[in-house]
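Source: prediction; values computed, not measured. When a ligand or atom number is given, it counts from 1 through the structure's own listing order.
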Amino acid sequence: MFQGIPLLATLALALAVAANPIVIRDSPVTLPIAKRFNFSGDKTLLERDQARAKGLRRSAEARFKGTFHEDPTSVDVINDGVTYVAVVGVGSPATLYNLLIDTGSSNTWAGANASHPYKTSSTTKPTGDSVEVIYGSGVFSGIENNDTVSLGNGLTVSNQSIGAADPPPLTSGFNGVDGILGLGPVGLTQGTLAPHVNKLIPTVTDNLYYQGIIPQNVVAIFFQPTNSLSNPNGELTFGGTDPSKYTNDITYTPVTNVSPASAYWGIDQHIGYGGDTILNKTAGIVDTGTTLILIATDAYNTYKNMTGGQPDSATGLLKITPPQYAALKSLQFNVGGTTFELTPNAQIFPRSLNTAIGGKASDIYLIVADIGSPSGSGLDFINGYTFLERFYSVFDTTNRRVGLATTSFTNATTN
Ligand SMILES: *[C@@H]1O[C@H](CO)[C@@H](O)[C@H](O)[C@H]1NC(C)=O
Ligand SMILES: *[C@@H]1O[C@H](CO)[C@@H](O)[C@H](O)[C@H]1NC(C)=O
Ligand SMILES: *[C@@H]1O[C@H](CO)[C@@H](O)[C@H](O)[C@H]1NC(C)=O
Ligand SMILES: *[C@@H]1O[C@H](CO)[C@@H](O)[C@H](O)[C@H]1NC(C)=O
Ligand SMILES: *[C@@H]1O[C@H](CO)[C@@H](O)[C@H](O)[C@H]1NC(C)=O
Ligand SMILES: *[C@@H]1O[C@H](CO)[C@@H](O)[C@H](O)[C@H]1NC(C)=O
Ligand SMILES: *[C@@H]1O[C@H](CO)[C@@H](O)[C@H](O)[C@H]1NC(C)=O
């Protein structure tokens, strides 16, 4: 539909530069992450995000029904429009892989690229299980190994259960990455092994904690807003938070009990626009793999009405005029007793990237979009990347809670 941007060469360079993490033992461990855009292809950004929302919902519903291994999702879960990649070592000596960071899945695996397969070494111990995860837009199959996984300089997890992918076409749909670093709750690994279908696979974060390498079973994510295609602009912290990246106290809220959001990093949240409720307190998720902020159709219709936005067919997003932008009010996300204010500038797509998503350079597009189902469905919003680049996020397995905090970019006007 529109042209992709030849940015991967620049990104490879950015990644190489970014892959020089600061490591402090017995305290949080921080890894740089790089963002990649790929808006080429025949789907709009909105269609990709809606497909992921649908895939996450179906996958969790199948899990709650206990039919997860008979009823694989057939819709996209991996959104390859915007991805975040960390460099992770496997084996000894370590082979380095670019793994996609995903809070919406929990298996970790490598070997998607036939030219850079999973390399076995003295630390590789096959567990005897085969593994398969169907992501809708792609599939990964392979065997499960125990192996050494290194996150940065000398920081290693032993006996990590990790997938070694079969070469394409058995594993397919993962262009430009070697695999996935699964940061979701461990329950999402159930049903992925055979013959041990009901076995859970401790995540990399779980093992870092169990092996005493990090002090808490916590992952925190910082994204800096970017208006270019190639910024290495994020940071992943294991075992705690990085106080240099947030500006006020972190507000924690329990993982919601409402399914299907409860299978993921689900929270309860109320959303207001200019002080008026557009979505009463309800369950949804915080997700690195969704680009936009998706809200239930009824809330979206109210937001559309209040902002005057008109759907744009090229991007799928709401388009507003300069006077409507000047009149745009803040959105209020009320979570765990704190109000997180998303400014008007934070509600628009970075204008310098408009043409990369098929839009016009001079137009103004809103990043709040329709999730594709009415409220009350148990997954009524997704606070995606455009939210997470304004608020620091903490995924705390020990206390089954999600934390959010403002950053020095919360009120940035970079868009
Ligand atoms: C970009 O996404 C399209 C599908 O939308 C895919 O066909 C293409 O291979 C991707 N390119 C890269 C470099 O990831
Ligand atoms: C894999 O690691 C787990 C956890 O440390 C251990 O229980 C299991 O015996 C290991 N399996 C192999 C084949 O090394
Ligand atoms: C890893 O698993 C092996 C058995 O396969 C065991 O001997 C060893 O103690 C384990 N190491 C850790 C750190 O769990
Ligand atoms: C696959 O791996 C080869 C060898 O490391 C590398 O040159 C190539 O760029 C990789 N392909 C992608 C799409 O990342
Ligand atoms: C929110 O809940 C209140 C009280 O039940 C109700 O009056 C109001 O209409 C609801 N607002 C929305 C946008 O659903
Ligand atoms: C949108 O505004 C129109 C006219 O002001 C009103 O009739 C309609 O009910 C509104 N729709 C929503 C979903 O708020
Ligand atoms: C953002 O701006 C609002 C209103 O101007 C202010 O109340 C708030 O403290 C600012 N937040 C941050 C994190 O700077």
Inset, instruction - Apply ring-ring contact (aromatic ring centres under 6.0 Å, His included) to the pair F387 and F333, showing each step before the final yes or no. - result: CA-CA 10 Å; F387 179 88; F333 292 79; 5.1 Å; yes

Inset, instruction - Would you please test F223 and Y392 for ring-ring contact (aromatic ring centres under 6.0 Å, His included) and show each step? - result: CA-CA 7 Å; F223 292 125; Y392 193 79; over 10 Å; no

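Of all atoms in ligand 2, listed by their number and element, those nearer than 4.0 Å to a heavy atom of N146 are 1 (C), 2 (O), 3 (C), 8 (C), 10 (C), 11 (N), 12 (C), 14 (O). Against a heavy-atom cut-off of under 4.0 Å, N113 is close to the following atoms of ligand 4: 1 (C), 2 (O), 3 (C), 8 (C), 10 (C), 11 (N), 12 (C), 14 (O). With ligand atoms numbered from 1 in the order given, ligand 4 contributes 13 (C), 14 (O) to contacts under 4.0 Å with heavy atoms of G176.
Here D363 pairs with K319 in a salt bridge; the nearest charged N to carboxylate O distance falls below 4.0 Å. A salt bridge is defined here as a Lys NZ or Arg NE, NH1 or NH2 lying under 4.0 Å from an Asp or Glu carboxylate O, and R52 with D287 meets this definition.
Under the ring pair (Phe, Tyr, Trp, His ring centres under 6.0 Å) rule, F174 has a single partner from W109, F140, Y97, which is W109. With respect to L46, the side-chain contact (heavy atoms from CB on, under 4.5 Å) criterion is satisfied by exactly one of L294, T291, T315: L294.
Taking CG from N145 and OG1 from T120, the interatomic distance works out to 8.0 Å, rounded to the nearest 0.5 Å. The line from CG of N248 to OG1 of T338 is 9.5 Å long, rounded to the nearest 0.5 Å.
With 3.5 Å as the limit, one finds a donor-acceptor pair spanning the side chains of S375 and D298.
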Expected rows: ligand 7 N/O, protein N/O, dist below 3.5 Å:
residue	atom	partner	partner atom	Å
ligand 7	2 (O)	N411	ND2	2.2
ligand 7	11 (N)	N411	ND2	3.0
ligand 7	14 (O)	N411	ND2	3.4

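Not a single N or O atom of T127, backbone or side chain, sits closer than 3.5 Å to an N or O atom of ligand 2. Ligand 2 has no N or O atom lying under 3.5 Å from any N or O atom of K125, backbone or side chain.
Distances shorter than 4.0 angstrom occur between a heavy atom of P126 and an atom of ligand 2.
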